[in-house]
**Q** 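My structure is below; once you've seen it, I'll send some questions.
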Amino acid sequence: MSTAHRTGVAVLARRAGHTPTLAEDTALLHDHLRLSIDRIATITGTTPGRVTALLAAAHRSSRPPTSRHQNRAPRRTCRPT
């Protein structure tokens, strides 16, 4: 990304209290602005493979962690009444 763009993002991030990672910036360009992987690679000066890896990382980190027991029914305990 260009220095001017990163500086603008940093100013907005400081106001919001969160500095976005490179993966989050890449996901923003792809998911919200609908830019292609090749276009993002051209804009950021990286390879399409790196952009793909950053998108995968952003999508992994945006999902809540899953538990092995997430779909199980709650256990019933036998308690005397």
**Q** Measuring from Ile37:CD1 to Arg50:CZ, what's the distance to the nearest 0.5 Å?
**A** 13.5 Å
**Q** Drop me the distance from Ser36's OG to Arg34's CZ, to the nearest 0.5 angstrom.
**A** 12.5 Å
**Q** If you take all heavy atoms of Leu54 and Ala23, which pair is closest and at what distance?
**A** O-CB, 3.5 Å
**Q** Which residues satisfy the side-chain contact (heavy atoms from CB on, under 4.5 Å) test with Ala53, sequence neighbours excluded?
**A** none
**Q** What are the two closest heavy atoms between Leu35 and Arg39, and how far apart are they?
**A** CD2-CG, 4.2 Å
**Q** Would you compute the distance between atom CD1 of Ile40 and atom OG1 of Thr52 and round it to the nearest 0.5 angstrom?
**A** 9.0 Å
**Q** Considering residues at least two apart in sequence or located in another chain, which fulfil the side-chain contact (heavy atoms from CB on, under 4.5 Å) criterion with Ala27?
**A** Asp31, Leu55, Ala58
**Q** Starting at CD1 of Ile43, measure out to CG of Leu29 and round the result to the nearest 0.5 Å.
**A** 6.0 Å
**Q** Tell me the closest heavy-atom pair linking Thr44 and Thr46, and the distance in Å.
**A** OG1-OG1, 3.0 Å
